[in-house]
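Input: a single structure, listed below in structure tokens.
When reading the values below, keep in mind they use all heavy atoms of this one structure, side chains included, and skip hydrogens, waters and symmetry mates. Chain letters run A, B, ... following the sequence lines, proteins first and then strands; every chain starts at 1.
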There are 4 protein chains.
Amino acid sequence: MANPEAHAHRSGPVRSDDARRAILEAVAGEFLAKGYEGLTIQGVAAAAHVGKQTIYRWWGGKAELVADCLVEGLLWDTELAVVDTGDVVHDVTTWIAHMLDLDRPGGRDVLRSLLGAAASDEPLAQHLDELLRGAHEGGVTHRLTVACERGELDEGVDTVLATDVLLGLVVVRTIVRRPTTHDELDSLVRQLLTAR
Amino acid sequence: MANPEAHAHRSGPVRSDDARRAILEAVAGEFLAKGYEGLTIQGVAAAAHVGKQTIYRWWGGKAELVADCLVEGLLWDTELAVVDTGDVVHDVTTWIAHMLDLDRPGGRDVLRSLLGAAASDEPLAQHLDELLRGAHEGGVTHRLTVACERGELDEGVDTVLATDVLLGLVVVRTIVRRPTTHDELDSLVRQLLTAR
Amino acid sequence: MANPEAHAHRSGPVRSDDARRAILEAVAGEFLAKGYEGLTIQGVAAAAHVGKQTIYRWWGGKAELVADCLVEGLLWDTELAVVDTGDVVHDVTTWIAHMLDLDRPGGRDVLRSLLGAAASDEPLAQHLDELLRGAHEGGVTHRLTVACERGELDEGVDTVLATDVLLGLVVVRTIVRRPTTHDELDSLVRQLLTAR
Amino acid sequence: MANPEAHAHRSGPVRSDDARRAILEAVAGEFLAKGYEGLTIQGVAAAAHVGKQTIYRWWGGKAELVADCLVEGLLWDTELAVVDTGDVVHDVTTWIAHMLDLDRPGGRDVLRSLLGAAASDEPLAQHLDELLRGAHEGGVTHRLTVACERGELDEGVDTVLATDVLLGLVVVRTIVRRPTTHDELDSLVRQLLTAR
DNA sequence: CTTTAAACGAGACGGTACGTCCTGTCTTAGT
DNA sequence: ACTAAGACAGGACGTACCGTCTCGTTTAAAG
């Protein structure tokens, strides 16, 4: 074993997965219902029928809880993977549009609340970043890179920058609560995917 | 007296401007020191040597206080107007770069915290939006429009969209705490300011 | 004003007597129902429809609350004054007997619980001491002193010691939960009230 | 096998005496250091390097633990037997005096804390009672009875009552934290040991 | 010697209470 | 009328223990 991690033998009961799941589901529920600011550890504990200590034993606070929910896919349809139809512009536009009115009433609220949370917690921001950009395949950056390799895009397109720019538009518009038209997106994607 | 809403009598002192200023300065101080989440009405009242009621009488909560600070220029150099040297690309790049390392330590923290606040309060978001885009002349959108009229830019460039995209990059990068190079900015601005 | 006490002007609302009374009554209720150990600040706050802070603002904890209840006569019939019929032995015996089965079921429990509380809190112990011995007239010590002056008792009887001895018997018997007969009391009082 | 309660088989290890001793010593240590109220099962388990269950398996709670410590002589010098020099008054006075400043700093604190504990736990009260009065020979009651038989005392002296009265004085004075002089004791003992 | 089951250390669990901090409203006394 | 001060009911914070319950290990009697 590579890391001689700190547990030195360690018998005793093991972490309860029931509790863990109940907590994360409660977090998701409260988050979706009341946003990040309205989320309370107390409320989560009550909703999950769990002692507060059980929460504090494994998480450091709201931010960590939400981060875990995020990676677990409890806050997000998870199906925001970019599909690959062969047409980058279409794929990316579709994906963005999909994300913009993040499926159903309050979808944008979730993203907004998440952004607010990320603004005040660095690790959560990292998680959100990875999730949005898609560190894993299925993310936009990946789709763009694939397109680049296929020759769909001019060489010299900075896929990471392009991703951030696209997300940036989604993000500002979400924060300031201004709508975005399909045309705007289309135009932007087109402009970005063509190197100078 | 023109409007009959003005009740018959109305004696007593008027709103104290001393208190108002002390409060906004205290808000700015606390915000800068502890961020939006760490800001408390109680703390502001204490720091401003002011009764809590005086705050609640004139403002509705943290968000409004911060919004007022914002428009008052207490949180921001306010001098983030885009200068007009005749070279749009240079002007805009400079402005963005200036905003990105928002003057020294913690500058980015202020923007980040404001974004967090905006995420949970719509009116504050509007104020921030106006301030960043510059509804007034001196803002980026204005600069772009001017450039358009001068023929510096291709017609058909959507100046509002371009502004949001630029701000978007700043915003995401600020939230996820990733740096942006001058080259990236330059490349982006150039791409944006050229219509298809 | 003799003491230039710390308040220096001090405007603002005054302590609410409603709250104060509600709290002390709640304390008395909980104490009587559940004893000193079973008394919780939380429970008192809930029963008195009061914020916990209002309790902590004016009292330092359970002990102080109970002490206040005690001096307020909320835990005790208060009518444990020794009556003066002219016959010391009778008066004192009656008083002790009265105190021993402190009026009604659980009377002894109250005394026992108070003794437990006094054991772990010095100030409360002082209050209890004064209340039992009767620093005020109406107390045993006072009655004994009066008897002394009247010549009912031999000179040289140490009234303070005698009081403590009498109380001592009540106290040990209460703590160890052993009953005391009227004869025992009578015999003891007689022995004590005769100097050697 | 006489009692059928003993279940058919019963293999496995027997009760560990190491654990038992470690626990009682830890209880004594914590009790002496922090009093009865400050004593926690958790703390005892930690101090004794023992699982909490091992405590709950054999004892019912704080009170039982302290009771065991008491009978084991871990909280008390145990050598508070009344010596028999032939002079009852002297012997008893000496014993009481000895108990009053129960050997050095905090001696009185131990007694006080034990009384507090006894006030809230009947069985512990019984143990304490027996220990103080000395159900076994060596106790005061025994000494008095012996003196009675020898003719040192008037007949008709109620030795049990006398014992309780003496203890009573010690107890009240301990609880209310008032000192007792040697003269007081002497006078009291003399008075008690003479029947009417 | 193997089986078997209780006792062990450790500690996670659902809870209750702690004492602190802040919220937004209300109440004074002082201009 | 407006202020500074601050008490109020309420609710969330993060911590400490409670008593119960699982773990995996150790150990001793029964087979």
* Asked: Does C:R57 have any salt bridge (charged side-chain N to carboxylate O under 4.0 Å, His left out) partners at least two apart in sequence or in another chain, and if so, which?
  ->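 Partners of C:R57 by the salt bridge (charged side-chain N to carboxylate O under 4.0 Å, His left out) criterion come out as none, since no residue qualifies.
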* Set of residues satisfying salt bridge (charged side-chain N to carboxylate O under 4.0 Å, His left out) with respect to B:R177, sequence neighbours excluded ->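 Applying salt bridge (charged side-chain N to carboxylate O under 4.0 Å, His left out) to B:R177 gives none.
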Using residues 24-36 of chain C as the side-chain source, report each donor-acceptor pair under 3.5 Å to any protein atom, sequence neighbours left out, with the distance given to one decimal.
unit_1: C:E30; atom_1: OE1; unit_2: C:K34; atom_2: NZ; d: 3.2
unit_1: C:Y36; atom_1: OH; unit_2: C:A63; atom_2: N; d: 3.4

Results of side-chain hydrogen bond (donor to acceptor under 3.5 Å, both in side chains) for [X] - residues two or more places apart only:
X	value
C:S120	D:E37
D:R15	none
C:Q42	C:K52
C:Q126	C:E122

* Residues within residues 114-125 of chain D bordering DNA chain F, heavy-atom distance below 4.0 Å ->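 Within this stretch, nothing sits under 4.0 Å of the strand.
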* Asked: Per the end-axis method with five pairs at each terminus, what is the bend angle of the helix from E:dC1-F:dG31 to E:dT31-F:dA1, to 10°?
  ->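 One end's axis against the other's: 20°.
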[N] phosphate, OP1 or OP2, under 4.0 Å from [X] side-chain N/O:
X	N	result
A:W59	F:dG14	no
A:S11	F:dC23	no
D:W58	E:dC8	yes

* Asked: Taking all atoms of both residues into account, what is the closest heavy-atom pair of A:W58 and A:E64, and its distance?
  ->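 For A:W58 and A:E64, the tightest heavy-atom pair comes out as O-OE1, 4.3 Å.
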* What one-letter contact string describes nucleotides 15-20 of chain E from 5' to 3', where B marks a base within less than 4.0 Å of any protein heavy atom, S marks contact via sugar-phosphate atoms alone, and - marks no contact? -> B-BBBB
* Under the side-chain contact (heavy atoms from CB on, under 4.5 Å) test, residues paired with B:A118 that sit two or more places apart ->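 For B:A118 the side-chain contact (heavy atoms from CB on, under 4.5 Å) partners, ignoring immediate neighbours, are A:I175, B:A125, B:L128.
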